[in-house]
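Here's the structure we're looking at; comments come further down.
Source: prediction; values computed, not measured. All ligand and atom numbering here is 1-based and tracks the order in the structure.
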Amino acid sequence: MCGIVGYVGGQRALDVVLEGLRRLEYRGYDSAGVAIVHQGELATEKKAGKLANLTEAVSGHTVADGIAAGSTGIGHTRWATHGAPNDRNAHPHLSEDRAIAVIHNGIIENFAQLRTELEAAGVEFASDTDTECAAHLLARAYAEVPADTTSRLAEAMRRVARRLEGAFTLLAVHRDLPDVVVGARRNSPLVAGRGQGENFLASDVSAFIEHTREAVELGQDQVVEITPDAITVTTFAGAAAEGRDYHVDWDASAAEKGGYDHFMLKEIAEQPQAVADTLRGRLTEHGEILLDEMRLSDEDLRDIDKVFIIACGTAYHAGMIAKYAIEHWTRVPCEVELASEFRYRDPVLDRSTLVIAISQSGETMDTLMALRHAKEQKARVLAICNTNGTTIPRESDAVLYTRAGPEVAVASTKAFLTQLAAVYLVGLYLAQVRGIKYADEVSAVVEQLQRMPEAIAEVLKTMEPVRELARDLAKSGQVLFLGRHVGYPVALEGALKLKELAYMHAEGFAAGELKHGPIALIDQGTPVVAVVPSPHGRESLHGKVVSNIQEVRARGARTIIIAEEGDEDVVPYADHLIRVPRTPTLLAPLVTTVPLQVLACEIATARGHDVDQPRNLAKSVTVE
Ligand code: F6R
């Protein structure tokens with residue numbers, strides 16, 4: 001939530017910062033702003049609404065204005081927490097003497113107390129934000145640091161950071177320091193980019209990827225100062241610290257639309273490749289699983305007597321599917337829990353519990369807090385994550401990276417499918433090391449898993465009728481989704497996609513629950529999407545879902561059936577039939593989810609919504 005960028009170097013800072021904000025806009029789009037240092041002046045501009053409003057506002061500036069000429073600057077794109085999303089509350093926020101500009105991601109929890117203290121000292125606030133406290137505190141701290149102190153702004157930032165509670169990434173510039181940007185990080189993302197004669201700070205690498213692919217991972221409770229030639233890291237206490245250098249293995253083109261109208265369409269289309277990349281090198285030709293980078297020994301895994309999966313939103317749905325697979329393949333009890341609920345109910349964990357934290361961004365605060373709780377209870381934590389070097393994998397005992405590449409659209413698609421691929425790998429690996437499944441059974445599933453990218457590509461080739469159907473459904477008041485077994489989380493995911501993109505009432509149900517209440521929602525013409533399990537899997541499951549479809553149809557529902565090729569039983573009950581290739585039951589979500597993503601994307605487009613940046617949402621939820 002909130003995207004932040006900082007730049008020092010030889011280029012026009014405004015261009016670099018605006019381009020960085022364009023790439024970070026998925027993190028929040030309530031307002032945007034910049035502050036540029038030039039010849040002892042600090043020029044700022046900020047506007048409510050999307051980045052386009054800011055871009056328009058700065059476009060009139062000439063090179064004579066500092067804002068157009070400076071080569072040091074910071075920029076922010078906001079997801080509002082404290083204060084309405086208007087111009088006044090947009091970042092940057094300035095100190096009273098207008099010498100310091102600050103941008104912030106996160107929530108300063110003791111802001112009320114700090115504000116009271118500052119107001120008592122005579123400070124007049126210009127906004128309703130928690131961030132503004134940091135700007136005033138920083139100005140005061142800067143004044144107290146002796147003028148001849150090296151890295152004076154960094155020292156002032158350390159003093160301020162020690163006073164703040166909560167989660168924050170702060171960036172600051174001072175009008176007297178033409179080549180310095182200072183940042184502080186606690187429980188909120190910040191990464192540095194190492195260039196030639198220029199350096200960068202940002203919420204994630206996509207902001208500077210077109211300038212450098214050399215990144216520096218910063219730790220918790222660290223302050224960083226960038227100048228054109230150096231990145232200097234210290235702890236909040238002032239001790240020297242080091243970031244971890246790493247190379248980003250994708251380039252700027254991966255975060256561009258590449259000819260698609262929306263990132264979401266591109267990301268849906270990338271799914272076969274993303275799943276293939278996630279499996280690559282992790283399956284041997286003998287049908288075994290190789291997961292060396294897991295950093296948990298086989299002995300550790302043999303000791304596991306319980307698995308907990310923690311995640312939010314779409315990642316939680318991946319966790320629900322993982323439960324079916326892990327319990328079936330390993331016979332180890334597996335629970336799935338919303339990360340935001342986990343630590344508040346005092347779950348029973350110990351050294352023999354494996355906690356799997358699933359997160360695309362690696363920064364979701366609810367998941368991070370649940371993970372920390374698990375670690376406090378001595379459980380072992382494995383992260384399944386898409387974003388290299390982020391907090392969740394850093395704080396876990398082991399990590400399995402999904403290789404979806406950057407996911408820019410706010411609604412998760414390719415990350416979800418790669419999370420599924422990853423949890424299947426983990427489940428099969430656990431089965432392999434624990435010897436619960438016989439080796440030949442593991443290799444049979446491995447072989448089927450390897451064929452899944454092709455199966456996903458097959459589904460994508462047949463989506464035109466789904467698009468047509470979507471245009472037709474765009475005027476509906478609600479859409480219901482039904483599924484059983486692994487089809488149930490798929491139904492939940494289909495409903496979530498529709499809610500977040502099309503702003504329609506959509507609900508997913510376990511089909512067996514219908515008669516216990518939800519069937520009352522069915523009226524003449526109510527669209528009901530049913531995810532039908534394979535007739536080749538457990539016979540009873542298939543038959544039961546077909547009966548559920550008959551029940552809703554008898555009450556007037558318009559049925560949209562997702563069923564395997566060759567499943568003729570569903571034909572008489574389908575108003576619309578969407579075919580997917582035949583797959584083993586547990587792997588089916590890799591194909592059955594795809595039409596639901598396309599459906600939601602197309603319905604939202606037909607309703608005139610911005611599918612990449614749905615209202616009220618942000619890609620990375622870095623506050624609880
Ligand atoms: C929905 C969606 C969200 C995320 C959730 C977790 O399309 O994207 O529900 O899945 O916010 O995010 P990560 O995976 O980054 O922890």
Before accepting this row, confirm whether a basic side-chain N of the pair R22/E256 lies closer than 4.0 Å to the acidic partner's carboxylate O.
-> yes

State plainly whether the residues D397 and R380 are in salt-bridge range, i.e. N to O under 4.0 Å.
->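 No, no charged N to carboxylate O under 4.0 Å.
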
Using a strict cut-off of 4.0 Å, indicate which atoms of ligand 1 neighbour a heavy atom of [X].
| X | answer |
| --- | --- |
| V410 | 8 (O) |
| A411 | 7 (O) |
| A315 | 10 (O), 14 (O) |
| S359 | 13 (P), 14 (O), 15 (O), 16 (O) |

Kindly indicate whether a cation-pi arrangement holds for R615 with Y503, taking the cut-offs as under 6.0 Å to the six-membered ring centre and within 45° of the axis.
->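 Cation-pi check for R615 and Y503: passes.
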
Counting heavy atoms only, name the option from [options] that's nearest to [atom].
| atom | options | answer |
| --- | --- | --- |
| atom 16 (O) of ligand 1 | I392, T364, I384, I358 | T364 |
| atom 6 (C) of ligand 1 | G313, S620, C312 | C312 |
| atom 9 (O) of ligand 1 | T314, V621, I310, L368 | T314 |

Is the closest heavy atom of T387 to ligand 1 under 4.0 Å?
-> no

Does K497 have a heavy atom less than 4.0 Å from any atom of ligand 1?
->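 Right, K497 reaches ligand 1.
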
Which residue and non-hydrogen atom of the protein lie closest to atom 15 (O) of ligand 1, and at what distance in Å?
->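 Scanning the protein heavy atoms, the shortest distance from atom 15 (O) of ligand 1 goes to S361 OG, 2.7 Å.
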
Which residue supplies the protein heavy atom nearest to atom 14 (O) of ligand 1, what is that atom called, and how far is it?
-> Q360 N, 2.6 Å

Given E270, Q597, E407, Q419, the one that forms side chain to side chain donor-acceptor pair (under 3.5 Å) with K414 |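 Running side chain to side chain donor-acceptor pair (under 3.5 Å) over E270, Q597, E407, Q419 with K414 returns exactly one hit, E270.
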
Any N or O on T367 sitting closer than 3.5 Å to an N or O of ligand 1?
->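 In this structure, T367 places no N or O atom under 3.5 Å from an N or O of ligand 1.
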
E500, any N or O under 3.5 Å of ligand 1 N or O = yes

Is the shortest heavy-atom distance from the side chain of V248 to the side chain of N388 under 4.5 Å?
->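 A side-chain contact under 4.5 Å is absent here.
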
Is P465 close to I578 at the side-chain level, that is, under 4.5 Å between some pair of heavy atoms?
->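 Heavy-atom side-chain distance check fails, nothing below 4.5 Å.
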
Under the side chain to side chain contact (heavy atoms under 4.5 Å, CB included) rule, collect the residues that match up with Q478, sequence neighbours excluded.
-> L480, H505, L521, T526

Set of residues satisfying salt bridge (Lys or Arg N to Asp or Glu O under 4.0 Å) with respect to D261, sequence neighbours excluded =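 Counting only residues at least two positions away or on another chain, D261 forms no salt bridge (Lys or Arg N to Asp or Glu O under 4.0 Å).
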
Heavy-atom closest pair, residues G6 and I74 =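 So the two residues come closest at CA-CG2, 4.1 Å.
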
